[in-house]
Amino acid sequence: MWSPDRNSGTTLYMQIAEHLAQKIRCGEFPPGSGLPSERKLAGQLGVNRSTVVLAFSELRSIGLIESRSGSGTRVSLADSEETPKHTPNWSQYADDSSMVRNPPFLRKISEALQQNPELIDMASGQLSGDLAPTQEIAEIMSQNRPMSYLGYDNPQGYPPLREALVRYLNRHRGIDTTESSLLITSGSQQSLYLIIRCLLSPGDAVAIEDPSYCFSLPMFQTAGLRVFRLPLDQHGVQPEDIRQLYKKHRIKMVFLNPNYQNPTGTLLSEERRRKVLDIASELALPIIEDDPYSLTAYDGEPPAPLKALDTTGSVIYIGSFSKIAASGLRIGWMAAPRAIVERLADARQQMDFGLSVIPQQVVATFLDSPQFVPHLERLRRELQFKRDMVTAALRREFQGRAEFLEPRGGIHLWCKIGADYNENRLLEQSIRNGFVFGPGSVYGSEPGCLRLTFGRANAGDIDRGIAALREAAEKLDLF
Ligand SMILES: Cc1ncc(COP(=O)(O)O)c(C=O)c1O
């Protein structure tokens, strides 16, 4: 991200004025569009607000921007060389979009992280850089033959990756499937998106766990679905709640994350897995099993996935490479009945013509390589170490005032710190203290909770991060 050069002979405000003028000329801010506020820009660029005030006044003096009280600073219409009267109302287009925006807290967190990359991050749901198999991937990339033809990929996914996944699912998850029952997607997010947009219609009712990752997904809202919640205890959802929701609302699908669930870390018990499947087959109800975390299990394998126990074809299984290797590769997959895979492959072709072949080729090679299992073993050890660090830090800093379940896998810890704390104030104070976490309302309905993604933080930062959270909580008199 650009920032002014403090060693340059040009003053900071003039550098900022020139930078903004360039953005205006390039069309990033077309005539009539709003500029970020002085305060926000100062935060982003790491300068005093007065410096941005000077830069704005420079741009105002040459007629490039104008400020009106109440409506902020805008790019001038009059002095534009274009045909300003005909500039489309871009903000209106953006505001009128039928796609619901991401929750404001998520946008706030991502802005804070962009502005200050030094923040201790226990908010982003991904692995820290040191846990990714970067060395192994670099070696594969240097050894792989360059492909002679880089055309569009098969819309169902690169065939050698699907073959490797058939072996992987059988070996590591006890799932028997075939290449034609697999669809490779851009992360599991795209699998969820395709299912929601293509297999459901506005007004349909679905059930999700409360709290859950799905809770934060605006795609349910955009699709016009009615979303009902399945409360969780330490063993996952209560299967009978599914039947009740079906009776009351005729739910058409159930979304479950049974292994080391995001955000609670819970594992659906074996007994409940069987009951969920019994109920699903009794009601002919599809279950979407979202399973990105199972191979992070610290102490032995988790129970068999619903998909492996499913004898009636009720389950669509979604997996991902994001939480066991690297989210930036954007490799996810879905194992589903052939009719569904074909339908969704057709839909995804309308979206992106298929995924890039290059990461698919890398992952196919890595899955079959002798480095894959040792990588998983290292990942589990390191995650368990971080889990131990975060739980010890919470006990030390919060002295019994933070309640949590110790996860036995995954990257998240769900913690209750007060009956109903003011999330916005705690988040802002934590950010000022150099730490960022996931406010509980993003994931569920119970007040007073927060998500700590220990898998994202560097081990060396965990103690300082939890101390910064405790200091923020004390400053706000939360206890
Ligand atoms: C339960 C769950 N499902 C799906 C995803 C999406 O991950 P990706 O698209 O990177 O596979 C996440 C990411 O945090 C998740 O926690």
Side-chain angles (χ1 to χ4, degrees), residues 102-103 105-106 109-110 113 121-129 131-132 157 161 165 168 173 182-197 206-220 230 232 236-237 253-268 287-297 302 305-307 315-335 344 348 351-352 355-356 359-360 363 383 407 409-414 437-438 440 442-444 451-457:
N102 284 312
F105 273 136
L106 295 189
I109 289 166
S110 98
L113 286 165
D121 180 7
M122 284 207 203
S124 315
Q126 56 178 336
L127 299 174
S128 54
L131 298 181
L161 176 56
L165 280 170
Y168 161 93
R173 298 308 291 123
L182 284 174
L183 176 68
I184 312 294
T185 54
S186 171
S188 36
Q189 185 82 354
Q190 194 184 29
S191 287
L192 288 167
Y193 187 85
L194 287 168
I195 290 169
I196 289 170
R197 295 313 299 254
V206 298
I208 64 169
E209 295 150 324
D210 179 13
S212 78
Y213 164 74
C214 287
F215 201 90
S216 63
L217 294 182
M219 58 172 102
F220 286 92
L230 297 164
L232 288 183
V237 293
M253 221 173 242
V254 181
F255 292 81
L256 297 178
N257 173 202
N259 297 310
Y260 315 121
Q261 197 245 11
N262 179 1
T264 62
T266 49
L267 198 57
L268 182 65
I287 305 285
I288 310 303
E289 181 178 25
D290 184 13
D291 186 25
Y293 299 106
S294 56
L295 290 194
T296 60
L306 294 165
K307 179 77 177 165
V315 178
I316 292 182
Y317 180 85
I318 299 178
S320 171
F321 217 50
S322 292
K323 318 297 162 141
I324 54 167
S327 45
L329 289 166
R330 303 311 297 131
I331 297 287
W333 53 86
M334 173 193 313
L344 298 188
R348 79 88 57 85
M351 289 170 68
D352 63 4
L355 202 58
S356 163
Q360 297 191 75
V363 172
L383 284 175
I411 64 174
H412 308 289
L413 182 138
W414 186 243
F437 65 88
V442 171
Y443 309 97
R451 188 186 84 173
L452 298 172
T453 303
F454 52 87
R456 173 67 183 132

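Not measured: the values here are computed from a predicted model. Excluded from the calculations below are hydrogen atoms, water molecules and symmetry mates; all remaining heavy atoms, backbone and side chain alike, are included. All ligand and atom numbering here is 1-based and tracks the order in the structure.
At a cut-off of 3.5 Å, with distance as the only test, no side-chain donor of Tyr443 or Glu209 sits close to an acceptor on the other residue. Inspection of the Thr185 and Gln190 side chains reveals no N or O donor paired with an N or O acceptor under 3.5 Å.
Selection from Tyr193, Tyr260, Tyr293, Phe321 by nearest heavy atom to atom 15 (C) of ligand 1 gives Tyr293. Closest heavy-atom approach to atom 14 (O) of ligand 1 within the set Lys323, Arg330, Gln189: this belongs to Lys323. Counting heavy atoms only, Asp290 comes closest to atom 3 (N) of ligand 1 of the residues Leu192, Asp290, Ile331.
Nearest to atom 12 (C) of ligand 1 among the protein's heavy atoms is Tyr213 CZ, 3.5 Å. Scanning the protein heavy atoms around atom 7 (O) of ligand 1, the nearest turns out to be Ser188 OG, 3.4 Å.
The shell of residues lying under 4.0 angstrom from ligand 1, judged by heavy atoms, includes Pro292.
Residue-ligand proximity, Asn257 to ligand 1, at heavy-atom distances under 4.0 Å covers atoms 1 (C). Distances below 4.0 Å separate heavy atoms of Asn262 from the following atoms of ligand 1: 14 (O), 15 (C), 16 (O).
Residue contacts with ligand 1, taken as heavy atom pairs separated by less than 4.0 Å, do not involve Gln261 at all. The side chain of Ser322, and not its backbone, has at least one atom closer than 4.0 Å to an atom of ligand 1 (non-hydrogen atoms only; side chain from C-beta on). Residue-level proximity to ligand 1 for Gln190 is absent, since no heavy atom of it falls below 4.0 angstrom.
Aromatic ring centres of His412 and Tyr293: separated by under 6.0 Å. Aromatic rings from Phe255 and Phe220 are positioned such that their centres are separated by under 6.0 Å.
Residues Pro211 and Thr264 have side chains in contact (heavy-atom distance under 4.5 Å, counting atoms from C-beta outward). In this structure, the side chains of Met253 and Ile316 stay at 4.5 Å or more apart for every pair of heavy atoms. In this structure, the side chains of Tyr260 and Leu383 stay at 4.5 Å or more apart for every pair of heavy atoms.
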Set out, in order, the CA-CA distance, both residues' side-chain angles and the distance that settles side-chain hydrogen bond (donor to acceptor under 3.5 Å, both in side chains) for Asp291 and Tyr317, then state yes or no.
CA-CA 7 Å; Asp291 186 25; Tyr317 180 85; 2.6 Å; yes
